[in-house]
Amino acid sequence: MNQQIRELIHVHKSTITDEWMKEVEKFREDDYLQSISDTVYQNTNREFVDMLFNTVGQEGEDVKETISNYTDRLIQLGWPLNYIIRGMQEFRKVAVESLIRNDDQTRDIEFYQEVEDWVDEVVNILVGHYSGSWENTVFLQKMALKELSAPLIPVFDNISVMPLIGTIDTERAKQIMENLLTGVIEHRSQVVLIDITGVPVVDTMVAHHIIQASEAVRLVGAKCILVGIRPEIAQTIVNLGIDLGKFPTKSSLKKGIESALEMTSHQIVEIEE
Amino acid sequence: MRIPILKLHDYLLISVQVDLDDQTALQFQEDVLNKIHQEGSRGVVIDLTSVDMIDSFIAKVLGDVVDMSNLMGARVVLTGIQPAVAITLIDMGIVLEEVPTALDLEQGLDRLQQELEG
């Protein structure tokens, strides 16, 4: 940015700030922004605009750093990105209006371009940071989901249970199968109960994944029982024409465990007092 | 390269310790059938614990061995199929239906006993 424009911007700093504050007040409609107090709102806006003016005097990496630091704070406070971006758009308008004087068109165009470049750079960094933080959140949640995904729990000698909760997609199905097979080997299970009580919808794809998993379990040398089939799931399965005839199914985990014990020649007996 | 076939009373024990190629697999098929004929065995356990890779041809050969042995009156149990192998087989759509499987040699022998008694 050339020296002349820098100086001009600094001269007009207070008018731009006041104009801008007036403009942004008009679209303070977000729930979050409504809920915070006016003083905090005003202060943050002022800080934001000060930060913008600070970047005027800086070059390259410095600009990036100033904005990055400030953006991190905004993200932490939970300021919505659309508000910030609208703020930047207003800022451009206000800044251009107060700088242009209409007597020298080439100079005005130059001003306009300089301001444009400056605002664009700030917007790019802002958006980059915001989307980065979202991606990060999504990533963390994905990891958390993965950890909760599919545990195999040994309940008796040679009997394990895998409770499935939540929607099953292809990626998760793959993980379920891996956990199931390694778990079977590790715990030396002969019977595995797959409990789908917590699976909200069983469509052809989910059924396909479950069938594949149980086929694979059979190949490594154990048996699969599908338990926790709720009435509505039984209805969908039959209506969709899914053939689950090849492996045993039970309505509840309790019944599943009973028949698993039977398969491994165990039974639960009451102790006579 | 030939795969050793051990005789234990009425059973044959086979531990496959190398990744099978097509030639070895066919040789293996022939050897097993000859051995069943020779010894009059009633059961065969094929242990695949050390096999990391099974392609569709090998899977077919194994399936054939099971069917052929059944024809000759010997029940076959496959044991120790690794998770990775199981996943590959399922992905290729090979389910080895009707082939009894077991977790390891010990359970395989139990399974065989059950099959023969039942």
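Chain letters run A, B, ... following the sequence lines, proteins first, then strands; residues in each count from 1.
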> Is it the backbone or the side chain of A/Val184 that comes under 4.5 Å from a heavy atom of chain B, or both, or neither?
Replying inline: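 Both backbone and side chain.
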Taking the side chain as every heavy atom from C-beta outward, state whether [X] and [Y] have any pair of such atoms under 4.5 Å apart.
{"X": "B/Asp22", "Y": "B/Asp55", "answer": "yes"}
{"X": "B/Ile54", "Y": "B/Leu48", "answer": "yes"}
{"X": "B/Ile46", "Y": "B/Val76", "answer": "yes"}

> Looking at B/Asp104, B/Val77, B/Val85, B/Asp91, which one has more heavy-atom pairs under 4.5 Å with chain A than the rest?
Replying inline: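 Looking at each option in turn, the highest pair count goes to B/Asp104.
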Under 4.5 Å from any heavy atom of chain A, what part of [X] do you find: side chain, backbone, both or neither?
{"X": "B/Leu96", "result": "both"}
{"X": "B/Glu106", "result": "side chain"}
{"X": "B/Gln107", "result": "side chain"}

> Under 4.5 Å, heavy atom to heavy atom, which residues of residues 250-270 of chain A contact chain B?
Replying inline: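 So no residue qualifies.
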> Atom NE2 of B/His37 and atom CG of B/Leu33: how far apart are they, to the nearest 0.5 Å?
Replying inline: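 Interatomic distance, B/His37 NE2 to B/Leu33 CG, rounded to 0.5 Å: 11.0 Å.
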> If you round to the nearest 0.5 Å, how far is CD of A/Gln141 from OG1 of A/Thr137?
Replying inline: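 Between atom OG1 of A/Thr137 and atom CD of A/Gln141 there are 6.5 Å.
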>> Are more than 12 heavy atoms, taken from residues, nucleotides or ligands other than B/Gln23, located less than 6.0 Å from that residue's CD atom?
In response: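 For B/Gln23, atom CD is not crowded (no more than 12 foreign heavy atoms under 6.0 Å).
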>> Evaluate B/Gln17 against B/Ser15 for side chain to side chain donor-acceptor pair (under 3.5 Å), listing each step before the verdict.
In response: CA-CA 6 Å; B/Gln17 309 222 341; B/Ser15 170; 3.0 Å; yes
> Less than 4.0 Å between a side-chain N and a carboxylate O, is that true for B/Arg111 and B/Glu115?
Replying inline: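 Salt bridge present between B/Glu115 and B/Arg111.
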